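What follows is a set of notes on a single structure, which appears directly below.
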Amino acid sequence: MTNTIKVAVIGAGVMGRNHLKTYKSLQGVELVGVYDIFPEAAQKAADMFGIKAFASMEDVAKEVDAVSVVTTSVTHADVGEFFLNQGIHCLMEKPLATTEEGCQRLINAAKKNNVTLLVGHIEQFNPAVEQMHKILNDAGKIRSLTAQRMSAASGRITDVDVAMDLMIHDVEVVLSLVKDKVKNIQAAAVRTADHASGKDYITALLEFENGVTANLTASRITQARVRTLTVTTDTNYIDMDFINQSINVHSQGRMPYVNQEEIPEWMNYGLKGSVEQLFIPTNQPLQAELNHFVSCINGQAAPRITGEDALAALRVLWEIQDKLGFNKAEEMLTLAAE
């Protein structure tokens, strides 16, 4: 497919409107319209961007080549499967679905209908993460990673807990960097007076089969916005800031003394350290993600985050939740009711 791609957005919430705004700026794309189960929300978004407010998903499927599915998580499997079975390419916002069965339905539908399924793990389009992948190909063996994703409570996300809201990003990034299977998981949660279930501050320790460890923390009760990842390798210590899209590479080695006599008496080990701050051209990750989606539809790229990649991250997330005593079925029913 090389003609202009006709797209629609399913879901007219905050993130849905972000997709609408970004599609409007892309070349090779015609933004046709928006659909939401709340007609007034769809109409408001349609008026905002000068597009059509669809009355049903069936009407959407008649007019578009691709959709972004930006609905509540519990609806992803049904909504995504409907469009995939209509031969419509889908960008599914994370999480792919809320159950293993739902994820498999989407993966199978995409394969059966030979259409693109891209999962919206947007951090993979953060230029700092893209650069981290390149660095770790040359930085020596990875030993350990530490990720922190913390902020104060937000009213925007209400249909998932802090693990599925925040930690899922870092789980997916860590899996993509380590490229091995997780063999052991430990997890703990902070209990607070307002949230006795402890679902707003979680720490997890992952142990991979190759010996690498990853320590992940996610919080919705921390009065600062933190999005960081550090990596210890055999040769470097690398710290990355997702927000600033920055990376520092710390190295330490022997001082270049010609012979042992030149080493000062007070320092018989003679170490030298250096810090390199990498230049990383910044971008807008959502724009990069949607451009990548278009490239995949046109056959110019393979999906960077496949359904299988997203499911692998979810399996780790679900085990973390199980370690903390989360009942996923009850959790989703409760959150959906809210």
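Remember, predicted model here, so these are calculated numbers, not experimental data.
The side-chain heavy atoms of Phe38 and Gln43, taken from C-beta on, include no pair separated by under 4.5 Å. Contact annotation: the side chain of Phe82 never approaches that of Val69 to less than 4.5 Å [non-hydrogen atoms, C-beta and beyond]. Counting heavy atoms from C-beta on, the side chains of Val190 and Ser219 never come closer than 4.5 Å. Using a 4.5 Å heavy-atom cutoff, the side chains of Ile5 and Asn298 are in contact. In this structure, the side chains of His121 and Ile168 come closer than 4.5 Å at one or more pairs of heavy atoms. Using a 4.5 Å heavy-atom threshold, the side chains of Glu100 and Cys103 count as separate. Residues Asp170 and Leu229 form no side-chain contact, since every pair of their non-hydrogen atoms from C-beta on lies 4.5 Å or further apart. Between Ile297 and Asp65, every side-chain heavy-atom pair lies at or beyond the 4.5 Å cut-off.
Glu101 and Arg105 are joined by a salt bridge, as a carboxylate oxygen and a charged side-chain nitrogen come within less than 4.0 angstrom of each other. Between Lys112 and Glu81 there is no salt bridge, since no side-chain nitrogen of the basic residue lies less than 4.0 Å from a carboxylate oxygen of the acidic one. A salt bridge is absent between Glu209 and Lys183; no separation between the charged side-chain nitrogens and carboxylate oxygens falls under 4.0 Å.
Here the rule is side chain to side chain contact (heavy atoms under 4.5 Å, CB included) with Arg143, and of Thr233, Val212, Asp234 only Asp234 fits it.
Residues Ile88 and Ala66 share a closest heavy-atom pair of CG2-CA, 3.6 Å. Of all the heavy atoms in Ala8 and Val64, the pair that sits closest is CB-CG1, 3.8 Å. Shown here for His76 and Thr71, the closest heavy-atom pair between the two residues is NE2-O, 2.9 Å. Scanning all heavy atoms of the two residues, the minimum distance from Ser151 to Leu166 falls at OG-CD1, 4.2 Å. Between Val70 and Gly16 the shortest heavy-atom distance is CG1-N, 3.5 Å. In terms of heavy-atom proximity, Ala163 sits nearest to Ile202 at CB-CD1, 3.9 Å.
The list of side-chain hydrogen bond (donor to acceptor under 3.5 Å, both in side chains) pairs with a residue in residues 18-34, not counting sequence neighbours, reads His19-Ser68, His19-Glu93, Tyr23-Ser68.
If you chain together hydrophobic residues whose side chains sit under 4.5 Å apart, Leu205 and Val173 never meet in one group. Val174 is not connected to Ile243 by any chain of hydrophobic side-chain contacts under 4.5 Å among Ile, Leu, Val, Met, Phe, Trp and Tyr, and they are in different clusters.
Taken to the nearest 0.5 Å, the CG atom of Asn236 stands 11.5 Å off from the CD1 atom of Ile142. The structure places CG of Leu317 at 5.5 Å from CD1 of Ile320, a figure rounded to the nearest 0.5 Å. Note that NZ of Lys179 and CG of Leu136 are 7.5 Å apart. Values are rounded to the nearest 0.5 Å. For the atom pair Leu31 CG and Lys52 NZ, the distance stands at 12.5 Å (nearest 0.5 Å). The line from CD1 of Ile10 to CD1 of Ile37 is 12.0 Å long, rounded to the nearest 0.5 Å. Remark: Thr146 OG1 to Asn215 CG distance equals 5.0 Å, nearest 0.5 Å.
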Test side-chain contact (heavy atoms from CB on, under 4.5 Å) on Leu177 and Leu145 and set out the steps. CA-CA 10 Å; Leu177 293 172; Leu145 307 92; 4.1 Å; yes
Given the rule in the salt bridge (charged side-chain N to carboxylate O under 4.0 Å, His left out) test, do Glu123 and Arg227 qualify, once you have shown the distances and angles that lead to the verdict? CA-CA 11 Å; Glu123 292 293 17; Arg227 304 281 190 274; 5.5 Å; no
Please evaluate residues Lys62 and Asp59 with respect to the criterion side-chain contact (heavy atoms from CB on, under 4.5 Å), reporting the C-alpha separation (whole Å), side-chain torsions for both, the decisive distance (0.1 Å), and the verdict. CA-CA 5 Å; Lys62 294 174 185 176; Asp59 289 344; 3.9 Å; yes
Arg149 and Phe242: CA distance, side-chain angles, deciding distance, side-chain contact (heavy atoms from CB on, under 4.5 Å) verdict: CA-CA 9 Å; Arg149 189 168 293 261; Phe242 290 91; 3.6 Å; yes
Applying side-chain contact (heavy atoms from CB on, under 4.5 Å) to Met240 and Gln131, what does each step give before you reach the verdict? CA-CA 10 Å; Met240 180 180 75; Gln131 187 65 40; over 6 Å; no
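In this structure a side-chain-to-backbone donor-acceptor pair under 3.5 Å is missing from Ser251 to Ser274. The backbone N or O of Ala152 lies less than 3.5 Å from no partner atom in the side chain of Arg220, so there is not a single donor-acceptor pair. Between the side chain of Asp180 and the backbone N or O of Asn210, at least one donor-acceptor pair lies under 3.5 Å.
By the side chain to side chain donor-acceptor pair (under 3.5 Å) test, Thr232 pairs with no residue at all, sequence neighbours left out. The ring pair (Phe, Tyr, Trp, His ring centres under 6.0 Å) test applied to His250 returns Tyr237, not counting sequence neighbours. Partners of Gln124 under the side chain to side chain donor-acceptor pair (under 3.5 Å) rule, at least two apart in sequence or in another chain, are His133, Glu172, Ser176. In this view, Glu276 satisfies the salt bridge (charged side-chain N to carboxylate O under 4.0 Å, His left out) rule with no residue, not counting sequence neighbours.
In this structure, Asp47 places its CG atom where more than 12 heavy-atom neighbours from other residues, nucleotides or ligands lie under 6.0 Å away. Counted within 6.0 Å of NZ on Lys181, heavy atoms from surrounding residues, nucleotides or ligands total 12 or fewer; the atom is thus considered open.
Using modelled atom types and a 3.5 Å distance limit, the side chains of Asp78 and Thr75 yield no donor-acceptor pair.
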Compile the donor-acceptor pairs under 3.5 Å between side chains in residues 278-292 and protein atoms, sequence neighbours left out, one pair per line.
residue, atom, partner, partner atom, Å
Asn291, ND2, Gln287, O, 3.3
His292, NE2, Ala302, O, 3.4
His292, NE2, Arg304, N, 2.9

